[in-house]
Amino acid sequence: MKVLLSWLREFAPDIDGDPVELGEKLSALGLAVEEMSVTGKGVDGVVLAKVLDLRPHPDADKIQLVDVDAGDGEALQVACGAFNMSVGDLIPFATIGTVMPNGMEIAQRKMRGEMSNGMCCSAAELGFGDDHDGIYLLTGSADESKLGSPINEALGISEDIMWDLEVNANRPDAMSVAGVARDLAAGLGIPFSFPEPSIEEVAEQVTDLAKVEILDPSLCGRFLARVIRNVTVGDSPQWMANRLTALGMRPINSVVDISNYVMLELGQPNHTYDLNLVPNGHLRVRRSRAGGESLVTLDGVERQLIDIDGVIANGADDAIGIAGVMGGQSTEIGDTTTDVLLEMAWWDPPSISRTVKRLNLPSEASVRYRRGVDYGENMDRAMRRFGQLIADSGAMIVGGQIDESGDTPDRTPIRVRPAKVNGLLGTDLSAEEMSDHLESIGFETSAAGDDLDVTIPTWRWDTQTETDVSEEVGRLFGYENIPRTVPKGIEPGMLSDYQKDRRRVREILVGAGCDETQPMPFLAPGDLAKAGLDEHGVTLSNPIVHEESVLRTSLLPGQLKTVAYNQSHRSGPVSLFEIGHIYLPKDPKAEPTHGDESLLPDEREALCVAIAGGDATSAVAMLDLLETELSLPNVQLRSAEPAGLHPTRSAEVFIAGKHRGEVGEVDPAVAEAFGVSGRVGWIQLDLGAVLNGPHGKKNYRRVSKFPSSDIDLAFVVANDVSAASVATTIKKSAGDLLVDCSLFDTYRGESVGADARSLTYALRLQATDRTLTDDEVGTLRQAVIDAVAKNHNAQLR
Amino acid sequence: MTELNQQTLTDLQAGAEDAIGSAETLDALGAVEAEVLGKKGSLASLKKQLGGLEPEQRKEFGQLVNTTKSAIEAAAEARRSELSQVARMAQLEDERLDLTELRDEVKRGHYHLVTQARDRLEDVFVGMGFQVAEGPEVETAWYNFEALNIPDWHPARGSFDTIFVDLGEPEQVMLRSHTSPVQIRTMENQEPPIYIVAPGRTFRTDVADATHLPAFNQIEGLVIDKGITLGDLSGTIDAFVKAFFGHDVKTRLRPSYFPFTEPSAEFDISRADGSWLELGGCGMVNPQVLRNCGIDPDEWQGFAFGFGIDRLAVMRYQLDDIRELVNNDVRFLRQF
């Protein structure tokens with residue numbers, strides 16, 4: 001919402017002071033200043049000029065040649081890229097040497113061989129509004145006798161301050177100049193009042209010309225109507241056009257401009273019908289018919305309505321407007337209009353919101369209706385203001401006003417307990433102080449014992465509870481005046497075990513040289529299939545781009561894209577990891593959890609490691625590191641062909657007997673499909689399940705002071721026997737005296753045959769209470785050999 | 001046999017000192033020592049003659065022999081020290097390295113910038129007595145909107161620019177547009193008092209550009225306890241900002257509006273030049289939100305606040321393009 005200082009002063013004449021400080025005051029009241037500017041300064045060198053001739057540029061399509069009279073009666077040629085001018089139009093013209101507000105200096109120059117001696121300006125180029133569209137046409141608004149005069153003088157504009165305010169959804173009142181003035185006056189402690197507009201009515205009575213029926217009182221709380229005769233549609237006076245322009249609205253014609261002016265000034269949207277196109281002036285307010293109906297709105301689009309939409313129908317019950325959203329074409333004001341039926345209404349905010357959202361038809365009017373406009377005397381005031389402004393152009397106001405009522409908000413006073421208000425705000429205000437703050441913005445209060453009975457003003461539809469009222473007290477007292485404290489009851493804070501362990505996982509992987517990545521979780525359709533995975537993922541209803549319209553079910557596609565990206569930038573080998581959510585479509589047969597949560601996907605936190613430049617063995621080594629550092633119990637690699645992974649170089653990871661993920665290498669075909677070159681070692685674990693499962697149990701083993709006995713054993717083992725299973729047998733058969741067992745050599749060759757390989761394990765045997773004797777070591781050695789031979793059909797080499 | 005007299009001892013010492021002085025290696029020095037001082041060395045053989053002397057002479061010459069021996073030993077020790085030093089210098093020279101020739105072989109990985117910012121935030125809040133809560137990223141309309149007092153018709157609902165997913169009826173399931181659903185989940189599952197922060201990923205239909213991402217990170221705070229006031233909110237935010245940004249950074253609250261808090265405020269932090277930067281939103285938890293979670297608003301009160309995490313990383317390192325946070329270019333990741 002934009003406001004002008006001069007306009008605010010019409011309601012609170014004492015507003016004064018440094019514009020920056022006034023802006024700070026508005027912000028402190030909850031009307032955040034998004035922009036402040038000085039308007040109407042004019043631009044030195046820009047003068048009023050008249051278009052004398054328009055002709056095509058001989059060598060260019062996108063610019064034309066314009067002759068202007070810049071005050072000296074001479075024709076001055078200009079090249080111009082806009083085509084909205086006609087001969088005779090008055091325009092702002094920047095003469096040579098002018099420095100425009102954006103810093104551009106106007107010079108005489110040739111454009112495609114034709115001389116250009118200045119620039120025709122748009123409103124935005126002059127800082128007179130937001131309108132960049134074409135040259136700012138001043139015909140009818142500027143005085144032609146002032147050709148050559150500085151532009152702001154020719155337009156009667158004086159310097160002013162504009163604040164663009166962010167108005168929150170709970171502040172319907174601040175969607176008007178008057179409402180902002182009321183707040184600012186209260187904040188500054190100065191008087192506020194409405195200049196009450198007066199009108200003269202003719203003898204003819206509106207009740208003889210029009211009739212309004214509210215058929216659905218839940219839709220329309222109040223409906224006012226007047227008739228205005230002898231209307232001429234022309235240009236608005238310059239002062240009005242200037243203000244509308246300053247607030248970002250384009251002047252259109254006298255009737256539309258008055259409508260907008262009243263809405264901006266008083267916050268009351270309004271609608272005008274050509275009375276002669278509304279048979280008997282009869283309006284019926286109702287919901288759209290259950291079976292549906294349609295009408296063509298002002299923008300020429302045929303709209304299908306449904307039963308939640310509010311409509312205004314004519315006497316024949318045909319819809320002629322969508323309540324609070326947009327009028328219909330059939331009753332639109334036109335050049336031939338002489339008699340106007342004027343509507344001002346209060347619409348139920350949720351009803352208007354639903355229709356606006358459904359039809360995606362936001363407007364300056366509906367943005368106000370959705371917050372709840374003033375249903376009190378401001379509606380009558382706005383009616384009179386409209387009449388006053390239109391009477392200036394010779395229109396006649398028909399006597400009386402139709403005033404029909406539906407359901408308006410409950411205005412029973414709210415019991416407000418000052419102790420509760422202070423307890424919420426952390427203040428120590430008396431009931432009287434609270435009452436003063438509330439009355440400064442039009443709330444009515446009366447004492448009720450220690451408490452206050454507060455009547456909410458009609459312009460604060462969203463304010464309904466004691467808490468709402470507390471907020472008003474706090475706002476006017478000033479948040480900056482509330483003493484700062486901290487809660488007293490705080491207990492020690494801490495991360496959960498899961499959160500600590502997740503940090504530990506990061507620490508381990510970062511320590512092992514992996515860089516952490518966080519790609520967005522969106523995939524393109526087909527990415528999952530390309531990665532060799534089940535193609536079904538949860539899809540987005542309104543994706544921003546098609547390439548980001550599926551939620552990942554695995555971290556694999558995202559990591560492969562990341563690897564490919566880094567390879568394409570020649571970043572060398574990369575070891576990457578990610579901890580992020582995956583979203584698994586739920587098995588439709590799964591038992592629903594409670595409520596609509598059963599709709600949610602099976603969302604899990606996953607961990608992956610991608611080692612590009614490594615292979616399956618590097619991935620297993622990384623998994624071993626995690627196993628050791630996190631003390632994961634009973635980690636087993638079971639041979640499998642996990643989707644997307646290399647069929648002969650991958651395994652499923654089981655931890656404590658549960659399937660928790662995969663390790664190995666990315667399927668070369670999948671890597672190639674993502675543009676990845678070389679092997680990629682890969683781990684993906686269900687991190688949530690792993691860290692919520694058993695882990696982290698460290699068994700202290702006393703460090704022995706006695707020497708160890710180290711023995712190496714080489715076994716010839718068939719290829720289909722895993723090295724891990726042999727190690728398991730060794731550990732079991734050697735018992736507690738075995739302190740270390742590692743595979744340190746693998747040999748394949750003729751001497752062991754094609755179907756087998758030799759595995760050499762280094763065993764370290766050690767007791768904590770004695771030096772082992774040769775006999776003990778020999779016995780254990782034989783036990784291990786026998787067990788391995790028996791369990792794996794292996795031979796000692 | 002050389003006769004034991006003063007002259008022979010003097011000659012022996014002089015000869016030994018010459019030999020020691022000209023020994024060029026520790027081995028050569030050892031050989032000299034053995035020859036003179038060893039069991040079968042020249043000094044020993046002279047010493048044997050002491051037995052044949054008169055007691056008077058034996059005493060006199062005994063002392064002379066010992067003096068001579070000590071002098072030779074001292075000379076040998078001095079020479080050994082010299083030769084050791086030479087040998088050490090030769091060895092060191094032999095080992096000389098150009099340290100700048102070595103390539104860096106020790107590589108550590110890097111935490112993502114967002115992780116770094118998030119961990120720092122968590123640590124500050126944990127220090128202030130908060131727990132860290134988390135929740136799902138795909139949410140129902142109840143958790144993302146309705147329980148937070150944002151009914152379907154509410155004008156604020158549109159401002160969330162929500163990304164919906166194809167589950168259930170249209171607009172029933174969505175990618176959470178803020179971390180506030182975690183407030184609801186926590187209040188549903190935990191009795192007050194509650195002191196949590198909820199960091200996590202959130203989503204909006206923002207086209208990715210230098211300052212926007214459709215997937216970004218927020219952190220949310222929630223306190224529910226007895227007698228919590230707006231003053232407590234203001235003080236907590238101030239304490240957090242001073243701990244995180246530094247003690248010279250000031251804060252202020254400005255009235256604002258969120259359906260789930262009442263009163264609501266935006267909070268700003270001061271910049272070095274004295275201007276204010278809007279950091280996030282906050283307010284006293286709306287009693288209706290408490291009721292929606294089965295908490296009696298007459299007994300419990302609380303506040304909530306929230307702000308962006310990614311923005312803090314962007315501010316801290318003055319990144320000119322927020323998309324770097326999701327591009328995962330190692331040339332970027334490895335800078336931090």
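Chain identifiers are assigned alphabetically (A, B, ...) following the order of the sequence lines, protein sequences preceding nucleic acid strands; residue numbering begins at 1 within each chain.
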Go through A:Gly513, A:Gly426, A:Ser351, A:Ser27 and name the one with the most non-hydrogen pairs under 4.5 angstrom from chain B.
A:Gly513

Would the distance check show the side chain of A:Glu603 and the main-chain N or O of B:Val138 forming a donor-acceptor pair, the cut-off being under 3.5 Å?
yes

Using the salt bridge (Lys or Arg N to Asp or Glu O under 4.0 Å) rule, take A:Lys357 and B:Glu171 through it: C-alpha gap first, then chi angles, then the decisive distance, then the call.
CA-CA 13 Å; A:Lys357 195 172 163 224; B:Glu171 306 198 356; 3.3 Å; yes

Out of A:Ser549, A:Gly30, A:Pro350, A:Ala169, which one racks up the most heavy-atom pairs below 4.5 Å with chain B?
A:Pro350

Over all atoms of both residues, closest heavy-atom pair of B:Val132 and A:Gln499
O-NE2, 2.7 Å

A:Leu600 and B:Leu167, any side-chain heavy atoms less than 4.5 Å apart:
no

Going by heavy atoms in the side chains, are A:Glu516 and B:Gln116 under 4.5 Å from each other?
no

Indicate whether any N or O donor in one side chain lies under 3.5 Å from an N or O acceptor in the other, for B:Arg334 and A:Ser571.
no

Looking only at non-hydrogen atoms, find the nearest pair between B:Pro255 and A:Tyr479 and report the distance.
CA-CE2, 3.5 Å

Side-chain donor or acceptor of B:Asn328 paired with backbone N/O of A:Asp515 under 3.5 Å:
no

Write down the atom of A:Ser541, the atom of B:Asp166, and the distance for their closest heavy-atom approach.
OG-OD1, 2.8 Å

For the student: nearest non-hydrogen atoms of B:Gly231 and A:Ile482, plus distance:
CA-CG2, 3.7 Å

Could you check whether any side-chain heavy atom of A:Pro521 comes within less than 4.5 Å of a side-chain heavy atom of B:Arg201, counting everything from C-beta outward?
yes

Whatever's closer than 4.5 Å to a heavy atom in chain B on A:Thr467 counts as both

Can you tell if the side chain of A:Arg171 reaches within under 4.5 Å of the side chain of B:Tyr257, non-hydrogen atoms only?
no

State, without any angle test, whether B:Glu137 and A:Tyr583 hold a side-chain donor-acceptor pair at a distance under 3.5 Å.
yes

Relative to chain B, which of A:Pro483, A:Ala32, A:Gly474, A:Pro601 shows the most heavy atom pairs under 4.5 Å?
A:Pro601

Residue A:Asn566 versus chain B: region with a heavy atom under 4.5 Å:
side chain

Just wondering, do A:Glu471 and B:Met284 contact through their side chains at under 4.5 Å, heavy atoms?
no

Residue selection (most heavy-atom pairs with chain B, distance under 4.5 Å) from A:Ile544, A:Thr465, A:Leu551:
A:Ile544

Using a cut-off of under 4.5 Å on heavy-atom pairs, state which of B:Glu278, B:Arg185, B:Gln288, B:Met174 scores highest against chain A.
B:Arg185

Chain B: which of A:Glu578, A:Arg604, A:Glu548, A:Lys420 shares the most heavy-atom pairs with it under 4.5 Å?
A:Lys420

When only pairs under 4.5 Å are counted, which of A:Leu424, A:Thr517, A:Thr562 shares the most heavy-atom pairs with chain B?
A:Leu424

Where does A:Leu425 contact chain B at under 4.5 Å (heavy atoms): side chain, backbone, both or neither?
both

Per the side-chain hydrogen bond (donor to acceptor under 3.5 Å, both in side chains) rule, which among B:Asp310, B:Asn327, B:Thr115 passes with A:Gln518?
B:Thr115

Is there a side-chain contact between B:Trp153 and A:Asp348, using heavy atoms and a 4.5 Å cut-off?
no

